[in-house]
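What follows is a short report on a single structure.
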Amino acid sequence: QVQLVESGGGLVQPGGSLKLSCAASGFTLEYFAIGWFRQAPGKEREGVGFISSSDSPYYADSVKGRFTISRDTRKNMVYLQMNSLKPEDTAVYYCAATTSGDGGLGSGPYKYWGQGTRVTVSS
C-alpha cells in the first residue's frame, strides 16, 4: 500500500525552527519528485517547495532562505527544515509525491499525498 506520513509539526515561537519529516511506504521515494505544500485556515493550499527526482530543490519566494528540503534515500524519507518561522507560516503541511521529475509548486502533478501535520507559529 502506497502511503506518505508527515510528522514533526507542533507549536513554535516566532523565529524558531521545526523539522518536518515525510516517510514513504509501499514505494521508493528516490525515484519521485517530492513536494511540500501547506494550507492555512481559510486559504487555498500553496506549494512551499519541492525536491526533484534528481535532488534539485526549489522553493517558493515566501520561504526561500528559511526552508530547506532534503532527501534521505536510505531511510526513504524527505525532510522540510523550517527556520526563522513567522506567524504566517502557520498551516497544515503536506508532502506529496509525483513521478514527474521536476514536481513543481502546483498540486496537479502529485499523485500521492500524506495526511498533513499542523504547524502553529505563535508567541
Side-chain angles (χ1 to χ4, degrees):
Q1 180 182 1
V2 173
Q3 193 174 17
L4 289 171
V5 178
E6 303 93 338
S7 61
L11 173 65
V12 63
Q13 292 187 342
S17 298
L18 277 177
K19 186 175 184 178
L20 306 184
S21 300
C22 174
S25 60
F27 70 105
T28 303
L29 280 178
E30 180 179 6
Y31 305 112
F32 287 73
I34 306 299
W36 283 96
F37 295 81
R38 66 186 181 186
Q39 187 164 19
K43 295 187 177 181
E44 293 187 355
R45 183 168 52 192
E46 64 172 345
V48 172
F50 66 90
I51 186 165
S52 71
S53 57
S54 59
D55 273 353
S56 295
Y58 185 87
Y59 305 96
D61 288 343
S62 59
V63 306
K64 198 173 296 183
R66 300 188 297 122
F67 289 11
T68 303
I69 299 173
S70 61
R71 188 197 308 259
D72 187 333
T73 56
R74 293 175 302 172
K75 296 182 178 180
N76 209 31
M77 296 187 69
V78 172
Y79 303 98
L80 177 66
Q81 176 68 48
M82 305 186 295
N83 299 327
S84 302
L85 283 162
K86 306 175 181 179
E88 52 264 43
D89 295 318
T90 295
V92 177
Y93 283 72
Y94 302 88
C95 65
T98 175
T99 54
S100 174
D102 289 335
L105 293 179
S107 61
Y110 293 87
K111 182 177 181 180
Y112 305 113
W113 290 82
Q115 82 293 343
T117 184
R118 185 174 301 277
V119 172
T120 302
V121 184
S122 175
S123 55

- Do the two ring centres, one from Phe37 and one from Tyr110, sit under 6.0 Å apart? yes
- Between Phe50 and Thr98, is any pair of side-chain heavy atoms under 4.5 Å apart? no
- Note on the structure: Rounding to 0.5 Å, atoms CE (Met82) and CG (Leu20) come to a distance of 4.0 Å
- Would you find a donor on one side and an acceptor on the other, under 3.5 Å apart, between the side chain of Ser53 and the backbone of Ala33? no
- Is there side-chain contact between Gln115 and Glu6, with heavy atoms separated by less than 4.5 Å? yes
- Message: Is there a continuous path of hydrophobic side-chain contacts, each under 4.5 Å between heavy atoms, that joins Val2 to Trp113?
- Response: no
- Query: Does CZ belonging to Phe27 count more than 12 external heavy atoms closer than 6.0 Å?
  - Reply: yes
- Task: Please check if atom CD in Glu44 has more than 12 non-hydrogen atoms from other residues, nucleotides or ligands closer than 6.0 Å.
- Result: no
- Under 3.5 Å, is there a donor-acceptor pair linking the side chains of Ser17 and Asn83? yes
- Task: Please tell me if the side chains of Val63 and Arg38 come closer than 4.5 Å, counting only heavy atoms from C-beta onward.
- Result: yes
- Quick one: are Val78 and Trp36 in side-chain contact, heavy atoms under 4.5 Å? yes
- Query: Would Ser54 and Ser52 count as having a side-chain donor-acceptor pair, cut-off 3.5 Å?
  - Reply: yes
- Query: So, do Arg66 and Asp89 sit near enough that their side-chain heavy atoms are less than 4.5 Å apart?
  - Reply: yes
- Query: For Pro109 and Ser100, which heavy atoms make the closest approach, and how far apart are they?
  - Reply: CB-CB, 4.4 Å
- Message: Is there a side-chain contact between Tyr79 and Ile69 in this structure, where contact means two heavy atoms from C-beta onward sitting under 4.5 Å apart?
- Response: no
- Query: Does the Asp72 side chain pair with the main chain of Met77, one donor and one acceptor, at a distance under 3.5 Å?
  - Reply: no
- Item | Residue pair Ser70, Ile51: steps toward the side chain to side chain contact (heavy atoms under 4.5 Å, CB included) verdict | CA-CA 7 Å; Ser70 61; Ile51 186 165; 5.6 Å; no
- Message: With clusters defined by side-chain heavy atoms of hydrophobic residues (ILVMFWY) lying less than 4.5 Å apart, directly or transitively, does Val121 cluster with Val92?
- Response: no
- Task: Kindly work out whether a path of hydrophobic side-chain contacts (I/L/V/M/F/W/Y, heavy atoms less than 4.5 Å apart) joins Tyr59 to Tyr94.
- Result: no
- Is any side-chain N of the basic residue among Lys64 and Asp61 closer than 4.0 Å to the acidic one's carboxylate O? yes
- Task: Starting at CZ of Arg118, measure out to OG1 of Thr90 and round the result to the nearest 0.5 Å.
- Result: 9.5 Å
- Under a 4.5 Å cut-off applied to non-hydrogen side-chain atoms, are Cys22 and Leu4 in contact? yes
- Task: Please round to the nearest 0.5 Å and tell me the distance separating atom CG of Asn76 and atom OG1 of Thr28.
- Result: 5.5 Å
- Message: Any heavy-atom pair between the side chains of Arg71 and Ile34 that's under 4.5 Å?
- Response: yes
- Does one hydrophobic cluster hold both Val5 and Leu29, with members joined at side-chain heavy-atom distances below 4.5 Å? no
